[in-house]
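Down below is the structure, laid out as structure tokens.
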Amino acid sequence: MNVMSGGQAGVHAPTDRPGAVAQPGWFSRLMLPAAVFLSVLTGGGYASGREIVEYGAKFGAYGVWSIVAIFVGFTVISAIAYEFARVFHAYDYRTYMRNLIGPAWILFDVLFIVMAVLVIAIVTSAAEEIVATTVRIPSLVALLVVIGIVGLIMFWGRRFLEAFKSVGSLLLYVGFIAFAAMVLAGRWEAVQAVFARGDTSYVPGATVGAAVFSGLLYVGYNLVVVPGVLFVLDNLRSPKDSAGAGVLTGLVSTVPFILTYLAVMAFYPSRDVLDAPVPWLAMLEQVGGAGLGWVYTLVVFYTLVDTSTGMIHAILNRLDSALQEYGRQELGGRHRSAIAVAILIASVLLSRFGIIALVAQGYTAMAYGFLLLLALPLVTVGLYKIAKARSQRGEVTA
């Protein structure tokens, strides 16, 4: 199977998309990019709740401004990123970055691979913490099952991966809505009290500016998700598609942050929750939801599979691009599975450092890299190249 989805290796001028015979439906053009974005994002962005505390909820009432920054950031960057992929037919991140930043693409290559391993490690660490607390299964056994599932998905290819992520995004949404409802049902007054008194006591001296900047950092490190979405962007047909998919991406990606943020506010500024390695687990236990331990465990392990497949698929597409450029055959199912397993094993080893340290230090450091190598080029050089390409092609925005 050709998982490149029509992408060409190397830097090339945009041309009209060849061989397009059927117009993709609205779901493929608008919802599928948002669904894949969310499915890859969930593991590193929402699964444990640790990320929401670190990049928004710790500011208490001011965390609302983090949410505003996150929604605007995801919407704007994803819309521009999608349009750049459409205009330049860049559906693997190697081709994408060579068109965007030229020779500096190799820096992004290193950054993305390191970040992919880090994200998977963080979700792995959260999964192990949850298993140790809620169920009687040895964590090693659970991780081996995950590694096996990811390997099989990589073997089965793109169409199965698209279906897995579309269904998975819906199930994850339902799961987080259920968890938030259970927490908020009996503690909504506590949430209201945080906003009524403007409580920011967990972070003395908190400011709106600090909350906004923290939200932008959250967007920054989560830009690692963009390469995992590229393989479905060959469905886009117009600038309007890119903009619509970008708005939907911003919306569906921010709602789980809001739900988790409100749930944390129900306990703010309790250190039993805000200092917990897995705040969601601490919150469910405190509202008598310990019986949901199995359900939450399944959700987290699903996100581990979902995030891992998205990150690894992007890496494999990058390898296929390089092989194609040198006239070599693309990776077969067995090779894809073997590489996926190797990446997962590296992530498991990195997870030994613990989730709190990985989120607080690893994510923040990576955020600056992605803001510098992806966000900044997109809103400057990227917009210029998009406008120039559209002009050359006589393309209108409709």
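Every value quoted in this text rests on a predicted model; they were computed, and no experiment measured them. Heavy-atom basis, side chains included; hydrogens, waters and symmetry copies ignored.
Using a distance-only test at 3.5 Å, with no hydrogens or angles considered, no donor-acceptor pair links the side chain of S66 to the main chain of S214. Remark: side-chain polar atoms of N235 are paired, donor with acceptor, to backbone N or O of V232 under 3.5 angstrom. Side-chain atoms of K385 come within 3.5 Å of backbone N or O of N99 as a donor-acceptor pair. No donor-acceptor pair closer than 3.5 Å links the side chain of Y202 to the backbone N or O of S270. Judged by distance alone, with hydrogens and angles left aside, the side-chain atoms of R50 form a donor-acceptor pair with the main-chain N or O of A276 at under 3.5 Å. Although no hydrogens or angles enter the test, the distance criterion places a donor-acceptor pair under 3.5 Å between the side chain of Y261 and the main chain of G60. Within the 3.5 Å criterion, the main-chain N or O of V72 finds no donor-acceptor partner in the side chain of T75.
Contact annotation: the side chain of R94 never approaches that of D109 to less than 4.5 Å [non-hydrogen atoms, C-beta and beyond]. Residues F179 and T260 are not in side-chain contact: their nearest non-hydrogen atoms beyond the backbone lie 4.5 Å or more apart. Looking only at side-chain heavy atoms (C-beta outward), T249 and Y82 come within less than 4.5 Å of each other. Annotation: side chain of F195 is in contact with side chain of V64 (closest heavy-atom distance under 4.5 Å). Contact annotation: the side chain of L378 approaches that of I77 to within less than 4.5 Å [non-hydrogen atoms, C-beta and beyond]. Residues M115 and L118 meet the side-chain proximity criterion, which asks for heavy atoms closer than 4.5 Å. By the 4.5 Å heavy-atom criterion applied to side chains, P103 and R98 are not counted as neighbours. Side chains of P33 and D241 form no contact here, defined as non-hydrogen atoms less than 4.5 Å apart.
Taken to the nearest 0.5 Å, the CZ atom of R187 stands 13.0 Å off from the CD atom of Q192. To the nearest 0.5 Å, atoms CD1 (I113) and CD1 (I312) are separated by 12.0 Å. Here the CG-CE distance, from L217 to M366, works out to 12.5 Å after rounding to the nearest 0.5 Å. How far OG1 of T200 is from CZ of F59: 9.5 Å, rounded to the nearest 0.5 Å. D320 contributes atom CG, which lies 12.5 Å from atom CD1 of I315 (distance to the nearest 0.5 angstrom). The structure places CD1 of I386 at 8.5 Å from CZ of R86, a figure rounded to the nearest 0.5 Å.
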Derivation of the side-chain contact (heavy atoms from CB on, under 4.5 Å) call for V183 and F267 = CA-CA 10 Å; V183 171; F267 300 92; 3.6 Å; yes
Going through the distances and angles, do L371 and L376 end up as a side-chain contact (heavy atoms from CB on, under 4.5 Å)?
-> CA-CA 6 Å; L371 288 171; L376 182 60; over 6 Å; no
List the steps, then state whether side-chain contact (heavy atoms from CB on, under 4.5 Å) holds for E83 with R390.
-> CA-CA 11 Å; E83 179 65 356; R390 283 185 190 168; 2.9 Å; yes
Please walk me through it: do L373 and L111 pass side-chain contact (heavy atoms from CB on, under 4.5 Å)?
-> CA-CA 9 Å; L373 292 178; L111 179 69; 3.9 Å; yes
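Residue V110 is grouped with residue L107 when hydrophobic side chains (ILVMFWY) are merged at heavy-atom distances under 4.5 angstrom, including chains of intermediate members. Residues V226 and V381 fall into different hydrophobic clusters, defined by Ile, Leu, Val, Met, Phe, Trp and Tyr side chains chained together at heavy-atom separations under 4.5 Å. Hydrophobic clustering places V203 together with L262 (ILVMFWY residues linked when any side-chain heavy atoms are closer than 4.5 Å, directly or through intermediates). Hydrophobic clustering (ILVMFWY, side-chain heavy atoms < 4.5 Å, transitive): Y221 and L216 are in one cluster. With hydrophobic clusters built from ILVMFWY side chains whose heavy atoms lie under 4.5 angstrom apart, V76 shares a cluster with F84.
When all heavy atoms are compared, the tightest approach of A266 to A190 is O-CB, 3.5 Å. Nearest approach of A375 to L223, heavy atoms of both residues: CB-CD1, 3.7 Å. Among all heavy-atom pairs drawn from A57 and V264, the shortest one is CB-CG1, 3.8 Å. Of all heavy-atom pairs between D234 and F231, the closest is OD1-O, 3.5 Å. Here the closest non-hydrogen pair linking P279 and V53 is CG-CG2, 3.9 Å. Pairing each heavy atom of L230 with each of A85, the nearest pair is CD2-CB, 4.1 Å.
Between Y91 and Y96, the ring centre distance reaches or exceeds 6.0 Å. For Y93 and F112, the gap between ring centers is short of 6.0 Å. Under the 6.0 Å cut-off for aromatic ring centres, Y218 and F257 qualify, their centroids lying closer than that. Ring centers of F71 and F74: at least 6.0 Å apart, outside the cut-off.
For the residue pair S201 and Y268, no side-chain donor N or O sits within less than 3.5 Å of a side-chain acceptor on the partner.
Using a 4.0 Å cut-off between a side-chain N of Lys or Arg and a carboxylate O of Asp or Glu, R197 and D199 qualify as a salt bridge.
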